[in-house]
Undergrad: 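Quick one: structure below, then a few questions.
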Number of protein chains: 2
Amino acid sequence: MKKRATVIDVAALAGVGASTVSRYLRDVRVKPAAAKRIREAVETLGYELDETARALRIGRTRTIGVILPKISNVFFSQAMQLIEEDARQRGCTVIPLTHQDRMSQQQDNLAKLRRFRADGVIITSAPGTVAAEVQAALPHVPIVAFDSFLASDIDSVLLRNREAARMGTEHLLGHGYKNIACVTGKPEIYSFKERITGYKEAMASRHLTPTIITAQDYDQLRFVLGVALQGKKRPTALLSLSDFATLNVLMTFRELGLKPADRLPIIGFDDFGFAPLVDPPLTVIRQPIDTMVHYALNMLFSRIEGSGSKEPQSISLPGELICRRSCGCS
Amino acid sequence: MKKRATVIDVAALAGVGASTVSRYLRDVRVKPAAAKRIREAVETLGYELDETARALRIGRTRTIGVILPKISNVFFSQAMQLIEEDARQRGCTVIPLTHQDRMSQQQDNLAKLRRFRADGVIITSAPGTVAAEVQAALPHVPIVAFDSFLASDIDSVLLRNREAARMGTEHLLGHGYKNIACVTGKPEIYSFKERITGYKEAMASRHLTPTIITAQDYDQLRFVLGVALQGKKRPTALLSLSDFATLNVLMTFRELGLKPADRLPIIGFDDFGFAPLVDPPLTVIRQPIDTMVHYALNMLFSRIEGSGSKEPQSISLPGELICRRSCGCS
DNA sequence: CTGTTAGCGCGTTCAA
DNA sequence: TTGAACGCGCTAACAG
């Protein structure tokens, strides 16, 4: 079991000093003859840079942390995929950490990133998060909030949640539905809160009373939905704030034995593979995930590289209404 | 901008030696009085261990790499979620690296894990992978193959793919369908290859001719499917080897304007949220993802801790047929 | 049980 | 341009 080669071994074999090897590895000018010998030495020894040693020395780990509620979720798994690809192209690795909407777990995540000296972090914060605490937990580490907002002095990129929810609600109103209910899990989550506001705004503009159907967990949500859909003042259309909420609505339709024709018109958030395949095909509000990730990483890396120590900015992108038939359009 | 505290700072403030602090941090016995002073010093200085320095010193990073085709995929995103949770409980962090079924990208991933000194790796290898190369790329690093097989001397955990595909096919045969076609993307992927074999075995046992409907990318698959479903000798039932393939089959049904009643009976792999909601509800073969992840991490960590330097083992778990209606069951 | 000391592998002075 | 020497923050060996 021979040990792995170090710069010193390479230096010895190439007949140069260790620092010359170091320079060569970092693309600093080195005399061509030396460079050639070093290259050969690296080759024969199978030398490979040790990132942990480099990290200790220069204080940068080439690692970014991603704190999010859950990876197994269409929206976040797509975001993670894009983040990983982007980070890879920049020579960085990604550390995903989930908090499952629990503050204590988010604190653990922050502490872990501190110990691992992440160069930057992207965070979709848990409900109840205090911006200052996050800031304090990661001193001098660039942070960008993703799909959530922390404070005006922290970069963020998100969907124009209120506007998107208003758009969806108004589309339904345009079809003549009045008694539109809004269904969502965990209404204390930032983006849901915003969407609820947008929905209420749209309802208020027509002097209609908003109805929020919600529950802490999804089993309970299904129960509440069942009750609401069979009640006397049952809604005539639904705005669902997430793919998961939509799934539960459709499950409830099914459990209630509602035929496609008898199902309530519905618009959901997030476009996912099976949206066109349910009956009737689902009208959704799509989030521009790729653009969101793109902006988020650009902002993060420009902070990390210190190049742009400009004003913190908050980028918000519009949702796109993808009309299929569940909203009442033909 | 004050610098972060180090063990030395803590030691000085507590009036002890640096190694005592180190011992305290690692839960090695320290005199209670000293422990108390150290605890206070840590508190007032806001000291936090530097994992990069520790990693350099002890040669372990408390990090495991996960190489997989793509995160945005129901199966893998669920697996990643479970891996992250499990690793967190063991005090480790996870580095996900995707290869998108490309060998060159997989090589890059392996090299990256080598530079970052990952303590272990879980890999769903790209088609064409040579076990020895992976082995050589990560000398002395425990590896476990997940949802793929590398070599008999490398731990692995996978679905009993052949058996599962046979079971699905036989279920369809039991309903009286003869001309069953198997649809899949990238048939060179390990688990698909195995499933194809299982399908063929089942067909052969009844002296029936197998038909594989496949294509390199999914747009093309949809085209091929369209042709196959309208041809003269069109199949009377379908076995779909992945959720993504199933999605494309259903899309094709839709593009062809087939009414639910006219759709071919189908059994798919992977149970996903919307499976019960398509029309007719989808019969699927569920993979026990949680159990698979559980075994994989147990094996990996027992190698990392060196406790069990026992024989390499290959664990294979049965799939579960979840009968809904798309298979012809009522 | 504790403190002192010597590196882990690298990048970075600084003098040559 | 280059090499020697030092130190990033931590743990392990050793002597007390």
Side-chain angles (χ1 to χ4, degrees), chain A residues 1-39 41-42 45-63 91 111 113-119 139-140, chain B residues 1-39 41-42 45-63 91 114-119 139-140:
Chain A
M1 163 161 175
K2 60 175 187 290
K3 295 179 56 181
R4 37 193 340 153
T6 74
V7 269
I8 309 221
D9 302 324
V10 175
L13 183 59
V16 298
S19 55
T20 305
V21 175
S22 173
R23 279 187 274 264
Y24 165 82
L25 293 172
R26 284 172 299 126
D27 295 317
V28 179
R29 264 207 66 73
V30 165
K31 202 191 283 177
K36 179 161 180 289
R37 293 210 311 283
I38 293 173
R39 197 174 321 128
V42 165
L45 292 176
Y47 168 81
E48 197 109 22
L49 178 72
D50 185 328
E51 290 280 358
T52 68
R54 164 182 278 180
L56 176 59
R57 183 62 241 247
I58 69 177
R60 276 195 49 182
T61 52
R62 295 169 182 255
T63 282
L113 291 180
R114 218 178 315 144
R115 290 202 309 277
F116 277 89
R117 304 291 187 261
D119 291 340
H140 314 300
Chain B
M1 164 161 174
K2 61 175 187 290
K3 294 177 59 182
R4 29 190 353 147
T6 75
V7 269
I8 309 221
D9 302 326
V10 175
L13 183 58
V16 297
S19 59
T20 305
V21 176
S22 174
R23 278 188 275 265
Y24 166 81
L25 294 172
R26 284 173 297 128
D27 294 318
V28 179
R29 267 207 66 71
V30 165
K31 201 192 284 177
K36 179 162 179 289
R37 294 210 310 284
I38 293 173
R39 197 174 323 127
V42 165
L45 293 175
Y47 168 81
E48 197 110 22
L49 179 74
D50 186 327
E51 291 279 358
T52 67
R54 164 182 277 180
L56 176 59
R57 184 61 239 246
I58 69 178
R60 276 195 48 182
T61 52
R62 297 170 181 254
T63 282
R114 216 179 316 143
R115 290 201 309 275
F116 277 88
R117 302 291 187 260
D119 291 339
H140 313 301

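Bear in mind that the values here come from a model prediction, so they are computed numbers and not experimental data. Within every chain, numbering begins at 1; the chains are lettered A, B, ... in the order of the sequence lines, protein sequences first and strands thereafter.
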Undergrad: Is it the case that dG3(C) (base atoms only) and Arg23(B) (side chain only) share a donor and an acceptor within less than 3.5 Å, ignoring hydrogens and angles?
TA: yes
Undergrad: So do Arg117(A) and Arg60(A) actually touch side chain to side chain, heavy atoms under 4.5 Å?
TA: no
Undergrad: Send over the distance from Arg60(A) CZ to dT12(C) C1', rounded to a whole Å.
TA: 17 Å
Undergrad: Just checking Ser22(A): base, sugar-phosphate only, or nothing, at a heavy-atom cut-off of under 4.0 Å?
TA: base
Undergrad: Using a cut-off of strictly less than 4.0 Å, decide whether Thr20(B) has a side-chain nitrogen or oxygen near OP1 or OP2 of dG3(C).
TA: yes
Undergrad: Which of the following nucleotides, dC10(D), dG3(D), dA13(D), is nearest to the side chain of Ser19(A)?
TA: dG3(D)
Undergrad: Starting at CZ of Arg4(A) and ending at C1' of dC10(C), how long is that distance when rounded to a whole Å?
TA: 14 Å
Undergrad: Counting just side-chain N and O atoms, does Tyr24(A) come under 4.0 Å of either OP1 or OP2 of dG3(D)?
TA: no
Undergrad: Need one value for Thr6(A): base, sugar-phosphate or nothing, where a base atom within 4.0 Å counts as base even if backbone is also close, heavy atoms only.
TA: sugar-phosphate
Undergrad: When all nucleic acid strands are considered with a 4.0 Å heavy-atom cut-off, which category describes Ile8(B): base, sugar-phosphate, or nothing?
TA: nothing
Undergrad: With respect to the side chain of Arg57(B), which nucleotide from dA6(C), dT2(C), dC10(C) is positioned closest?
TA: dA6(C)
Undergrad: Within the structure shown, what part of the strands sits under 4.0 Å from Ala34(B) by heavy-atom distance: base, sugar-phosphate, or nothing?
TA: sugar-phosphate
Undergrad: Closest-nucleotide mapping onto DNA chain C: is Glu48(A) or Val21(B) further toward the 5' terminus? I mean the 5' end.
TA: Val21(B)
Undergrad: So, taking the atom named CZ in Arg54(B) and the one named CG in Leu56(A), what distance separates them when rounded to the nearest 0.5 Å?
TA: 13.5 Å
Undergrad: Categorize Leu25(A) for me: base, sugar-phosphate, or nothing, with a 4.0 angstrom heavy-atom threshold over every strand shown.
TA: nothing
Undergrad: With respect to the side chain of Val30(A), which nucleotide from dT2(D), dG9(C), dT4(C) is positioned closest?
TA: dT2(D)
Undergrad: Can you tell me which nucleotide in dG3(C), dT12(C), dG9(C) comes closest to the side chain of Asp50(A)?
TA: dG9(C)
Undergrad: Taking for each residue the nucleotide of DNA chain C with the nearest heavy atom, is it Lys31(B) or Leu56(B) whose nucleotide lies nearer the 5' end?
TA: Lys31(B)
Undergrad: How far apart are the C-alpha atoms of Arg62(B) and Glu51(B), what are their side-chain angles, what is the distance that settles it, and do they pass the salt bridge (charged side-chain N to carboxylate O under 4.0 Å, His left out) test?
TA: CA-CA 9 Å; Arg62(B) 297 170 181 254; Glu51(B) 291 279 358; 3.7 Å; yes
Undergrad: Can you tell me the distance, in whole Å, between the CZ atom of Arg115(A) and the P atom of dC10(D)?
TA: 12 Å
Undergrad: Using whole Å, what does the distance between atom P of nucleotide dG9(C) and atom OH of Tyr47(A) come to?
TA: 10 Å
Undergrad: Would you indicate whether the side-chain heavy atoms of Tyr47(B) and Val7(B) approach each other to under 4.5 Å?
TA: yes
Undergrad: Without decimals, in angstroms, what is the distance between Phe116(B) CZ and dG9(C) P?
TA: 17 Å
Undergrad: Arg115(B) versus Asp50(A): any side-chain heavy-atom pair under 4.5 Å?
TA: no
Undergrad: On the nucleotide dG9(C), are OP1 or OP2 found under 4.0 Å from the side-chain N or O atoms that Arg117(B) carries?
TA: no
Undergrad: With sugar-phosphate meaning primed atoms plus P, OP1 and OP2, does Arg26(A) contact a base, only sugar-phosphate, or nothing at under 4.0 Å between heavy atoms?
TA: base
Undergrad: Looking only at side-chain atoms of Ile58(B), point me to the closest of dT1(D), dG9(C), dA12(D).
TA: dA12(D)
